[in-house]
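All ligand and atom numbering here is 1-based and tracks the order in the structure.
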Amino acid sequence: MKTSRPIRARIAPAAILHNYRLAKRCAPQARAWAVIKADAYGHGQWRAVEALRAEADGFAVLECENAVALREAGVTQPILLLEGVFAPRDVRAVVEQGLNCVVHCSQQLELLVRHVPAGAPLAICVKLNTGMNRLGFSPATLPGALELLSRQLPQAEITLMTHFADADGEAGVDWQVARFAAMAGDWRGPVSLANSAAILRHPSTHRDWVRPGIMLYGASPFAEQSAEALGLKPAMALESAIIGVQDVAAGERVGYGGTFTAERPMRIGVVACGYADGYPRHAPTGTPLAVLGRRTRTIGRVSMDMLACDLSDIPEAGVDAPVTLWGEGIAGTVPADEVAAAAGTIAYELFCAVAPRVPVVVDQTAAVDRK
Ligand SMILES: *Cc1c(COP(=O)(O)O)cnc(C)c1O
């Protein structure tokens, strides 16, 4: 619903395509599953699909229903179910729609064995737990799983995959790659290892299929390296406007709990954006935003529908002045990663949290850059 309240999430499909191409340039030998789970990290699954359908090698989703909807919309690329099947009807869809599915445990393998018709074509990614300790077969359970597969579903095309716990951090990926190699033994089939961080930082992990997620949306997987420095373009801007201005005297407190006290006379702007819009309530005083092309900071606690900012040095900004909460927006550029860091979270969570009440505008003007 388009509302008169000024908050908007502006989505730039051209940026998603730019970022996908960057992933492909980083991993030129690999094919890429464009990860569009969680409604394309809050950007809208269909917007991401439209942006990428001419070029993506494949799409990765969570829910079987979404994969089927993609097929029904004419998407012909491989579609991967990242958590595999949950129920017999998912198995039927996998077979009917030719979906690729992760198999991460023996119960899932049993589901497939029981419900895949004899000889029906099947493409699966067998997931190995190499130290994330979330999903995947262990060194103890993998041989049995592969043996069962070759016996019961000999037609299955198998890719071995794993997921990195710290591709963006200190521990890196070598220890998990070593465990993967030990588990895979003399495996010669296809392999899929790399998320965004590994695509950007660990070329040896690129192998056959990479799985870019956050980088498609223009945020950095790294705490210490900006999206801009990586060549990524932000695909979402959260924008709003000033709806009220208060001139406060020194000693006045601002917002719920009065957690901020003005040490000198200040001009406070009130922005139509609060935690019910998906802005993080834990963002402290000092979280960056931009007003009328100038960078400033939030003041006091974020409320449900509003937050306050410092306009003391932006006297030209009054009611109706445009605001960029994050992204490359009408009022300036504020990296989502910086907002996230200030609020003690990551851009992934900011994007996914944008509330349904926030109207979306799709930026059709941004030219798609040439290959
Ligand atoms: C979400 C997900 C990805 C994408 O991770 P990013 O850090 O967003 O690049 C890759 N692989 C799997 C299995 C995932 O669940």
Heavy-atom nearest neighbour in the protein, as seen from atom 11 (N) of ligand 1, with distance rounded to 0.1 Å: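 The closest one turns out to be R211 NE, 2.8 Å.
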Atom 7 (O) of ligand 1 [closest protein heavy-atom partner, distance rounded to 0.1 Å]: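 The closest one turns out to be Y348 OH, 2.6 Å.
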Within-cut-off N or O pair, R134 and ligand 1, under 3.5 Å: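 No; the residue has no nitrogen or oxygen that sits under 3.5 Å from a nitrogen or oxygen of the ligand.
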Under 3.5 Å: N/O of K127 near N/O of ligand 1: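 No, K127 has no N/O under 3.5 Å of an N/O on ligand 1.
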Residues forming a ring pair (Phe, Tyr, Trp, His ring centres under 6.0 Å) with F222, sequence neighbours excluded: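 Expected list: none.
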All ring pair (Phe, Tyr, Trp, His ring centres under 6.0 Å) counterparts of H43, not counting sequence neighbours: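 Ring pair (Phe, Tyr, Trp, His ring centres under 6.0 Å) list for H43, sorted by chain: Y217, F351.
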Atoms of ligand 1 less than 4.0 Å from [X] heavy atoms?
X    : answer
L82  : 12 (C), 13 (C)
G213 : 4 (C), 6 (P), 8 (O), 9 (O)
Y41  : 1 (C), 4 (C), 5 (O), 6 (P), 8 (O)
I214 : 6 (P), 8 (O), 9 (O)

H163, Q176, R179 screened by side-chain hydrogen bond (donor to acceptor under 3.5 Å, both in side chains) with T130, the one that passes: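 Of the listed options, the one satisfying the test is Q176.
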Would you confirm whether [X], through its side chain, and [Y], through its main-chain N or O, come within 3.5 Å as a donor-acceptor pair?
X    : Y    : result
T287 : T298 : no
D90  : C64  : no
H206 : I199 : yes

From the candidates M161, K37, M132, the one that places a heavy atom nearest atom 14 (C) of ligand 1: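 Nearest option to atom 14 (C) of ligand 1, by heavy atoms: K37.
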Residue selection (non-hydrogen contact nearest atom 9 (O) of ligand 1) among S192, G136, S196: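 Nearest heavy atom to atom 9 (O) of ligand 1 lies in S196.
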Pairing of R357 and D277 as salt bridge, 4.0 angstrom limit: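 Answer for the salt bridge query: yes.
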Residue-ligand contact W33/ligand 1, heavy atom below 4.0 Å: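 Heavy atoms of W33 never come under 4.0 Å of ligand 1.
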For I242, the option from D320, L292, L311 that meets side-chain contact (heavy atoms from CB on, under 4.5 Å):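 Of the listed residues D320, L292, L311, the side-chain contact (heavy atoms from CB on, under 4.5 Å) partner of I242 is L311.
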